[in-house]
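Below is one structure, written out as C-alpha cells; the observations come after it.
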Amino acid sequence: MPPDIHDTAIVDPRARLADTVSIGPYSIIGGDVEIEEGCSIGSSVRIEGRTRFGKNNKVFHGAAIGSIPQDLKYKGADSLLEIGDDNVFREFVTINTATDEGESTLIGSGNLLMAYVHVAHNCVIGDNVILANSVNLAGHVTVEDYAIVGGVVPVHQFVTIGSHSFIGGGSRIPKDIPPYVKVAGNPPRVGGINSVGLRRRGFTNEQLSRIKTAYRYIYRSGLNVAQAIEKIESELSDSPEVKTLVEFIRSSKRGITK
C-alpha cells in the first residue's frame, strides 16, 4: 500500500515515505526528507532540508519544518533536523536545521509543540516536553525531558531548561532554569518546586522532600550557589534526583535563574 498523498501535494520523488504516511492538500515534501510509519502531514505543510521523522508524528496545517537556519553564519552547510516518534506539531510551527556541517537540530519523542512555536537552529528538545503557543526558542537552546513552557515565552540562545521544570506564560528566559522548579514573571523569578508535575510523574514524598531541601539551600538559605551545593552534597549525596540538580547547576554556562 503506497503512501496516501493528496492530489494537490507536491512530493519530490527522492523523498522516502513509509507506506502508512499521509500527506494533506497543498503540502510540499523535499527530496532529502525521510518520514517513517504512521506519520500524518496536514494541509499546506512544507517539509524540506535533510529532515528525518520517526514514527507516528502528526503535523498540522501551515507548519514549516526543516528550513534553513535564521542565522547569518549559515553558509549552505549540509546540516540536519532529526525528529523522534509520537510528536504533535500544531499549526504554523517552524523548526530549522542546524547551522554548521554535520550538525543537527534534535527533537525527541512524545512532545507537544502548540501553534506558532519556533525552534531555531541547533536546539535540542528531549522527550515529553510541552511548548505552549508562540514559544520562541533561539539557537542552541536545550529543553530537557518533561519540561513545560507556557505561552508567548522567548528563550535566549544557549539557555538550558531543566527536566520537570515549569515556566509560566509571558516570561522572558535569559538564564538557565534548573530542574524541578517553577518560574514566572518578567524578569523571571523562581517560585518553588513543580510539586504537582513531579507527583503526576511518580515522584515519591521522600524524593519531593529531598528536592525541597536542596531548593531551600539554593534559593532560601542566604548561601551563595557554591556554598549551597557544598551543603547539599554533604547532606543529600545519596539522592539521584538531587545529583541531577547539582550536576545541572555545575554545568550551567549562562548561570541559573535566581
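Side-chain atoms are counted along with the backbone in the values below, which use heavy atoms only and exclude waters and symmetry mates.
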- Which is it for N87 and N111 under the side-chain hydrogen bond (donor to acceptor under 3.5 Å, both in side chains) test, yes or no, and what are the steps along the way? CA-CA 5 Å; N87 296 290; N111 301 298; 3.0 Å; yes
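Here the side chains of L81 and I107 are in contact, with some heavy-atom distance below 4.5 Å. Between I29 and I5, every side-chain heavy-atom pair lies at or beyond the 4.5 Å cut-off. A heavy-atom distance below 4.5 Å is not found between the side chains of I68 and E48. The shortest side-chain heavy-atom distance between I148 and N194 does not fall under the 4.5 Å cut-off. Here the side chains of I256 and Y219 are in contact, with some heavy-atom distance below 4.5 Å. Two residues are said to be in side-chain contact when any heavy atoms from C-beta on lie closer than 4.5 Å; D145 and N128 fail this criterion. Side-chain atoms of N96 and H118, non-hydrogen and from C-beta on, do get closer than 4.5 Å to each other. The closest side-chain heavy-atom distance from M114 to I130 is below 4.5 Å.
Using modelled atom types, one finds no donor on one side chain facing an acceptor on the other under 3.5 Å when comparing Y180 with E241.
Relative orientation of the F92 and H61 rings is perpendicular, given thresholds of 30° and 60° on the angle between their planes. The aromatic rings of H121 and H140 lie perpendicular to each other, with more than 60° between the two planes, well past the 30° mark. In this pair, H164 and Y146 present their aromatic rings parallel. The plane angle is below 30°, not in the 30 to 60° band.
Scanning both residues, A63 and V59, for their nearest heavy atoms gives CB-CG1, 3.6 Å.
Enclosure of atom CD in E233 by more than 12 non-hydrogen atoms of other residues, nucleotides or ligands within 6.0 angstrom is indicated.
Taking 4.0 Å as the cut-off between side-chain N and carboxylate O, R52 and E34 count as a salt-bridged pair. Under a 4.0 Å N-O distance rule, the pair K231/E235 qualifies as a salt bridge.
Distance alone, capped at 3.5 Å, is enough to place a donor-acceptor pair between the R254 side chain and the P174 backbone.
Hydrophobic cluster membership is shared by Y215 and F203, with clusters built from Ile, Leu, Val, Met, Phe, Trp and Tyr side chains linked at under 4.5 angstrom.
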